[in-house]
Undergrad: 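Questions regarding the structure given below will be posed in turn.
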Amino acid sequence: MTLRSIFWLYLVNFCRLLYQSFPPSPKWSADDIPDLSGRIIIVTGGNTGIGRETIKALLRRNAKVYMAARNEIKARNTIRELLKDTGKEAIFLKLDLASLESVREAAAEFKSKETELHVLFNNAGVMWPPLHQISADGYDGQFATNVMGHFLLTHLLLVNLKAGAKSLPEKKSRIVNTSSGASYLTHRIDWETLVDGPKRRALWSSTAALYHQSKFANVVFSNELARRYGDEGIISISLNPGNIKTELLRHKSSIFQYLSQCVLYSTTYGALTQLWAGTAPEAAACNGMFLAPWARIARPNPFTDDPAVAKKLWEWLEEHTL
């Protein structure tokens with residue numbers, strides 16, 4: 001691909017990102033979620049932000065929800081708050097996505113309690129942490145949390161997802177992969193920056209590039225999931241939840257956070273797109289698609305749809321997590 005073609009694709013991507021940053025009013029709301037009685041669901045990062053709002057909506061529709069989070073105290077406080085709001089109690093599942101051992105333990109804990117899983121919301125994420133923060137296994141903290149942990153969790157729960165699909169009338173389970181508008185801001189994965197080392201540390205001036213590639217990889221991973229398991233009743237959808245007021249900005253200065261408020265939406269809006277992906281009957285036809293705010297089918301970054309890149313990412317993840 002020539003530099004000129006890359007430039008034009010970047011321009012198109014920027015226009016898509018700009019449009020998605022100021023979306024039209026939603027045509028769908030959490031009130032449209034059908035009854036979810038009997039559905040077993042996991043939401044990673046469910047104790048705060050978009051994850052919390054997602055769980056609240058799912059509980060109100062009678063789903064059995066596992067809140068997968070690393071901080072047990074915060075998670076149990078959130079569970080108590082949601083119990084007061086909804087009359088339903090989520091189940092705590094200890095999960096630190098930045099630790100492969102923790103991911104394995106969380107999957108084993110879930111499998112000891114459940115044989116089926118109907119929806120997996122790969123929602124948790126970190127953004128722009130200090131560069132010195134790496135995972136328990138020596139990988140870039142953002143890629144480990146946003147991509148590697150979710151890959152391993154999904155892989156370990158595939159049996160449950162397949163069983164869940166067979167038990168539903170529509171014969172389909174769902175994996176909802178929360179990416180970001182940042183997925184439009186790069187065209188590749190820099191493989192040498194995924195493990196801590198000189199190449200990664202050369203990015204000392206900004207961890208934004210590491211975040212962008214992790215969100216890019218979320219879409220690539222989701223598309224490959226759709227290709228590999230769509231015929232087995234597993235629907236995989238990726239999405240941009242929008243520019244939302246969450247704790248993701250905690251690593252930025254207070255001034256930056258304050259100035260950002262004018263272009264950020266509430267978590268109620270932020271949860272809409274992934275709730276639609278995970279619960280709306282019509283979303284079962286969206287395997288391999290990318291969604292934009294609010295619950296609209298959109299065109300992803302075209303660089304994320306390269307099967308060769310997806311194959312390489314999948315093989316890299318298998319090598320480094322399994």
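Model, not experiment: these values are computed from the prediction.
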Undergrad: Distance only, no hydrogens: is a donor on one side chain within 3.5 Å (strictly under) of an acceptor on the other, for Asn177 and Ser236?
TA: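 Yes - a donor-acceptor pair under 3.5 Å links their side chains.
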
Undergrad: Indicate yes or no: at least one non-hydrogen side-chain atom of Thr78 is less than 4.5 angstrom from one of Met67.
TA: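 Side-chain contact under 4.5 Å: yes.
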
Undergrad: Got a donor-acceptor contact below 3.5 angstrom from the Ser173 side chain to the His118 backbone?
TA: no

Undergrad: How would you list, by chain and number, every residue that makes a side-chain contact (heavy atoms from CB on, under 4.5 Å) with Ala57, sequence neighbours excluded?
TA: Ala30, Ile33, Leu275

Undergrad: Filter on salt bridge (charged side-chain N to carboxylate O under 4.0 Å, His left out), then keep only pairs touching residues 281-304, sequence neighbours left out; what's left?
TA: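 Residue pairs passing salt bridge (charged side-chain N to carboxylate O under 4.0 Å, His left out), neighbours aside: none found.
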
Undergrad: Does the Lys NZ or Arg CZ of Arg227 fall within the cation-pi geometry relative to Trp314 - under 6.0 Å from the ring centre and within 45° of the axis?
TA: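 Checked: cation-pi criterion not met.
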
Undergrad: Taking only residues two or more places apart in sequence or in another chain, which ones pass side-chain contact (heavy atoms from CB on, under 4.5 Å) with Thr115?
TA: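 With neighbours one apart ignored, the set is empty.
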
Undergrad: Judged by atom type as modelled, is there a donor-acceptor pair below 3.5 Å linking the side chain of His150 to the main-chain atoms of Asn146?
TA: yes

Undergrad: Would a 4.5 Å heavy-atom cut-off, applied to side chains only, mark Thr273 and Pro241 as touching?
TA: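 No; the side chains remain at least 4.5 Å from each other.
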
Undergrad: For residues Thr207 and Gln133, is any side-chain donor paired with an opposing acceptor at under 3.5 Å?
TA: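 No - no donor-acceptor pair under 3.5 Å links their side chains.
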
Undergrad: May I ask you to decide if the ring planes of Tyr211 and Trp128 are parallel, tilted or perpendicular, using 30° and 60° as cut-offs?
TA: perpendicular

Undergrad: For the pair Ser179 (side chain) and Lys215 (backbone), establish whether a donor and an acceptor sit closer than 3.5 Å, ignoring hydrogens and angles.
TA: yes

Undergrad: Name all pairs fulfilling the side chain to side chain donor-acceptor pair (under 3.5 Å) condition that reach into residues 99-109, sequence neighbours left out, sorted by first residue then second.
TA: Glu109-Lys113

Undergrad: Which heavy-atom pair separates Val220 from Ala310 by the least distance, and what is that distance?
TA: CG1-CA, 3.4 Å

Undergrad: Who are the salt bridge (charged side-chain N to carboxylate O under 4.0 Å, His left out) partners of Lys27, not counting sequence neighbours?
TA: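 Checked Lys27 against salt bridge (charged side-chain N to carboxylate O under 4.0 Å, His left out); zero matches.
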
Undergrad: Verify the neighbour count for atom CG of Asp35: are there more than 12 heavy atoms of other residues, nucleotides or ligands below 6.0 Å?
TA: yes

Undergrad: Which pair of heavy atoms, one from Lys111 and one from Leu156, lies closest together, and at what distance?
TA: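 Minimum heavy-atom separation between Lys111 and Leu156: NZ-O, 3.1 Å.
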
Undergrad: Quick one: list whatever passes side-chain contact (heavy atoms from CB on, under 4.5 Å) with Lys64, sequence neighbours left out.
TA: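 Only Ile40, Tyr66, Ile91, Glu114 meet the side-chain contact (heavy atoms from CB on, under 4.5 Å) criterion with Lys64.
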
Undergrad: Could you give me the CA-CA distance, side-chain angles and deciding distance for Lys74 and Asn77, then say whether side chain to side chain donor-acceptor pair (under 3.5 Å) is met?
TA: CA-CA 5 Å; Lys74 290 183 178 180; Asn77 286 339; over 6 Å; no

Undergrad: Only one of Trp276, Tyr265, Phe22 clears ring pair (Phe, Tyr, Trp, His ring centres under 6.0 Å) with Trp294; which?
TA: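 Output: one option passes, namely Tyr265.
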
Undergrad: Considering non-hydrogen atoms only, spot the tightest contact between Asn13 and Pro302 and give its length.
TA: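 Looking at all heavy atoms of both residues, the closest pair is OD1-CD, 3.3 Å.
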
Undergrad: Do we see a donor-acceptor contact under 3.5 Å between the side chains of Thr54 and Asn123?
TA: no

Undergrad: So which residues get pulled into Tyr184's cluster when ILVMFWY side chains under 4.5 Å apart are joined, directly or through others?
TA: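 Leu17, Leu185, Val219, Phe290, all in the cluster of Tyr184.
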
Undergrad: List the atom of Ile297, the atom of Cys286, and the distance in Å for their closest heavy-atom pair.
TA: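 Between these two residues, the closest heavy atoms are CD1-SG, 4.0 Å.
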
Undergrad: So, using side-chain contact (heavy atoms from CB on, under 4.5 Å) as the criterion, who are the partners of Glu315 when residues are at least two apart?
TA: Lys311

Undergrad: Scan side-chain atoms only and decide if Ser167 and Glu116 contain a donor-acceptor pair under the 3.5 Å cut-off.
TA: yes

Undergrad: Treat each ILVMFWY residue as a node, draw an edge where side-chain heavy atoms are under 4.5 Å apart, and state whether Leu152 and Val195 are in one component.
TA: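 Same hydrophobic cluster.
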
Undergrad: List, by chain and number, the other hydrophobic cluster members for Leu83, where Ile, Leu, Val, Met, Phe, Trp and Tyr join if side-chain heavy atoms come within less than 4.5 Å, directly or indirectly.
TA: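 None; Leu83 is a cluster of one.
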
Undergrad: Run the side-chain contact (heavy atoms from CB on, under 4.5 Å) check on Asp85 and Lys56 step by step: do they pass?
TA: CA-CA 8 Å; Asp85 287 344; Lys56 181 169 71 172; 4.2 Å; yes

Undergrad: Please, which pairs that meet salt bridge (charged side-chain N to carboxylate O under 4.0 Å, His left out) have at least one residue in residues 135-150, sequence neighbours excluded?
TA: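 Matches after skipping sequence neighbours: Asp140-Arg200.
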
Undergrad: Please, which pairs that meet salt bridge (charged side-chain N to carboxylate O under 4.0 Å, His left out) have at least one residue in residues 154-180, sequence neighbours excluded?
TA: Arg39-Glu170, Lys162-Glu232

Undergrad: So, using side chain to side chain donor-acceptor pair (under 3.5 Å) as the criterion, who are the partners of Ser112 when residues are at least two apart?
TA: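 Listed in chain order: nothing, the list is empty.
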
Undergrad: Is the shortest heavy-atom distance from the side chain of Arg188 to the side chain of Phe303 under 4.5 Å?
TA: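 Not in contact.
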
Undergrad: Picking from Val43, Thr86, Val119, Ile42, what satisfies side chain to side chain contact (heavy atoms under 4.5 Å, CB included) with Val65?
TA: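 Testing Val65 for a side chain to side chain contact (heavy atoms under 4.5 Å, CB included) against Val43, Thr86, Val119, Ile42 leaves exactly one candidate, Val43.
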
Undergrad: Do you know which of Ser21, Pro23, Pro300, Pro293 makes side chain to side chain contact (heavy atoms under 4.5 Å, CB included) with Asn240?
TA: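 The side chain to side chain contact (heavy atoms under 4.5 Å, CB included) with Asn240 is passed solely by Pro293 among Ser21, Pro23, Pro300, Pro293.
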
